[in-house]
Amino acid sequence: MTSHSPLDDTTPADTTASGTPVVLTARRARAAADAIAPLPRSVKDAALLAVADALEARTDEIVEANAKDVAKARAAGTSETVIDRLTLTAERVAAIASDVRDVAGLPDPVGEVVRGSTLPNGIDLRQVRVPLGVVGIIYEARPNVTVDAAALCLKSGNAVLLRGSSSAYASNTALVGVLRDAIAGADLPADAVQLVPGESRDSVRELMRARGLVDVLIPRGGASLIRTVVEESTVPVIETGTGNCHVYVDAEADIDMAVDILVNSKAQRPSVCNAAETLLVHQDIADAFLPRALDALAEAGVTVHGDERVLPYAEGSKAAVVAATEDDWETEYLSYDIAAAVVDSLDGAVTHIRRWTSGHTEAIVTTSQAAARRFTQLVDSTTVAVNASTRFTDGGQFGFGAEIGISTQKLHARGPMGLPELTSTKYIVTGDGHTR
């Protein structure tokens, strides 16, 4: 089976006498970042609108390139969930273009005053948002990330270096070609958007060690990719996380609502990080809820990996239920599978979540305000949903436009990362001949 991680590719990288292609690309990105950082919103928005128009105008070219990647993935025996993430259709390209227009319509974070005051000595102090500079994105077989990342970086005044996996190489090459042509035509430096050259693991390592040229790296993908970037990079990393998301059905849940939320969380699109991977059910509602839930999951084609308290409910059911193992509780399936357990109490659900969660999204279904309040207080994940699907943890759904990723760390950014999360700050001190 073909790998879909940039860290698994093996093609040797080229080098030149004046520096490796990766270093030269990073230097060009640095120059581009310096050029676009001071640009006004109007210029950046015009470039983004040109990108959206170009994506629509060149859809056939993009889809044709993507078809090569999809055919190669199918020939390699790649799973359908991964192929779903890889595939671009005309409709998906149109949706990506729409997302770019949404980003253009968002407020520009650059220059925003985070806080400010006049000090007792008369000095004016302001903390303002500024671009991060050069942002590197290392990601797997999701070509939509190519455009989302570029749009958000450009809007926030950053240059972006894109390093996707070889499984999406044709798609990413076509998309970046469209992006570069569009922004160059709108008077932005084309080098503000670049593919990292090379399809080898060496090129990824170079990017991770380009400290001083690259300001921050953001990995998007599976646990192995993220762990490798976090552990091996000398460039600062904003860690995005895997999605071992939980749905907890409380003793006082509305059963119809709980079934709908569960099925949507798991089956609406199982190949994404905000899909539910574990169901927890309070013992007091298990008899009423689980038979209906198992049937609904079966209709959606979901296999349930149940603990010893769930398995008896499969008798007489049309559900596909298998015995859960310890590994199931930490698995991000990204498929039509879900782990399920019966818990003694809300606190029992919290204990399970604390042990096994990846810190992405957890949901509670309950009619009890006290239960909802306790759950949201005790669960420490980027997003805690009350009576809502886990699928809402998304930059677009939150009104951020597209997202650069969902950060599961606690420093700088947490949760869906929109435009403000792609900025840092600096202090501007204005005096009138003040000396200390």
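- Aromatic rings of Phe289 and His282 (six-membered ring for Trp) have centroids beyond the 6.0 Å cut-off, not under it.
- Under the side-chain hydrogen bond (donor to acceptor under 3.5 Å, both in side chains) rule, Asn172 has a single partner from Thr146, Asp69, Asn66, which is Thr146.
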| field | Stepwise side chain to side chain donor-acceptor pair (under 3.5 Å) check, Ser165 with Ser167 | value | CA-CA 5 Å; Ser165 61; Ser167 55; 2.8 Å; yes
| request: Begin with the C-alpha distance, continue with both residues' side-chain angles, and end with the deciding distance and a verdict on side chain to side chain donor-acceptor pair (under 3.5 Å) for Asp250 and Thr366. | output: CA-CA 5 Å; Asp250 186 52; Thr366 186; 2.8 Å; yes
| Working for side chain to side chain donor-acceptor pair (under 3.5 Å), residues Asp327 and Thr325 | CA-CA 5 Å; Asp327 291 341; Thr325 67; 4.7 Å; no
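- In summary, of the residues considered (Asp148, Leu419, Leu152, Asn158), a side-chain contact (heavy atoms from CB on, under 4.5 Å) with Ile404 occurs for Leu152 alone.
- A distance-only check finds a donor-acceptor pair linking the side chain of Thr367 to the backbone of Glu252 [under 3.5 Å].
- Around atom CZ of Phe400, more than 12 heavy atoms belonging to other residues, nucleotides or ligands sit under 6.0 Å away.
- When the options Val302, Asp328, Thr303 are evaluated for a side-chain contact (heavy atoms from CB on, under 4.5 Å) with Ile338, the one that passes is Val302.
- The shortest non-hydrogen separation linking Pro143 to Ser171 is CB-CB, 3.9 Å.
- Scanning both residues, Ala26 and Val214, for their nearest heavy atoms gives CB-CG2, 4.4 Å.
- Counting all heavy atoms, side chain and backbone alike, Ala253 lies closest to Ile285 at O-CD1, 3.6 Å.
- Electrostatic pairing of Arg309 and Asp344 counts as a salt bridge here, judged by a charged N lying under 4.0 Å from a carboxylate O.
- Under a 3.5 Å cut-off, the side chain of Gln397 and the backbone N or O of Phe392 do not form any donor-acceptor pair.
- Checking side-chain atoms of His246 against main-chain N and O of Asn244 turns up a donor-acceptor pair under 3.5 Å.
- Between the side chain of Thr331 and the main chain of Tyr333, no donor-acceptor pair closer than 3.5 Å is present.
- A heavy-atom distance below 4.5 Å is found between the side chains of Arg74 and Ile83.
- Residue Ile261 comes nearest to Asn387 through the heavy atom pair CD1-C, 3.4 Å, listed as atom of the first residue, atom of the second, then distance.
- Pairing each heavy atom of Arg414 with each of Gln409, the nearest pair is CG-O, 3.1 Å.
- Residues Ala298 and Lys318 come closest through the heavy atom pair CB-O, 3.7 Å.
- Side chains of Leu225 and Tyr139 form no contact here, defined as non-hydrogen atoms less than 4.5 Å apart.
- Residues Thr59 and Leu55 are not in side-chain contact: their nearest non-hydrogen atoms beyond the backbone lie 4.5 Å or more apart.
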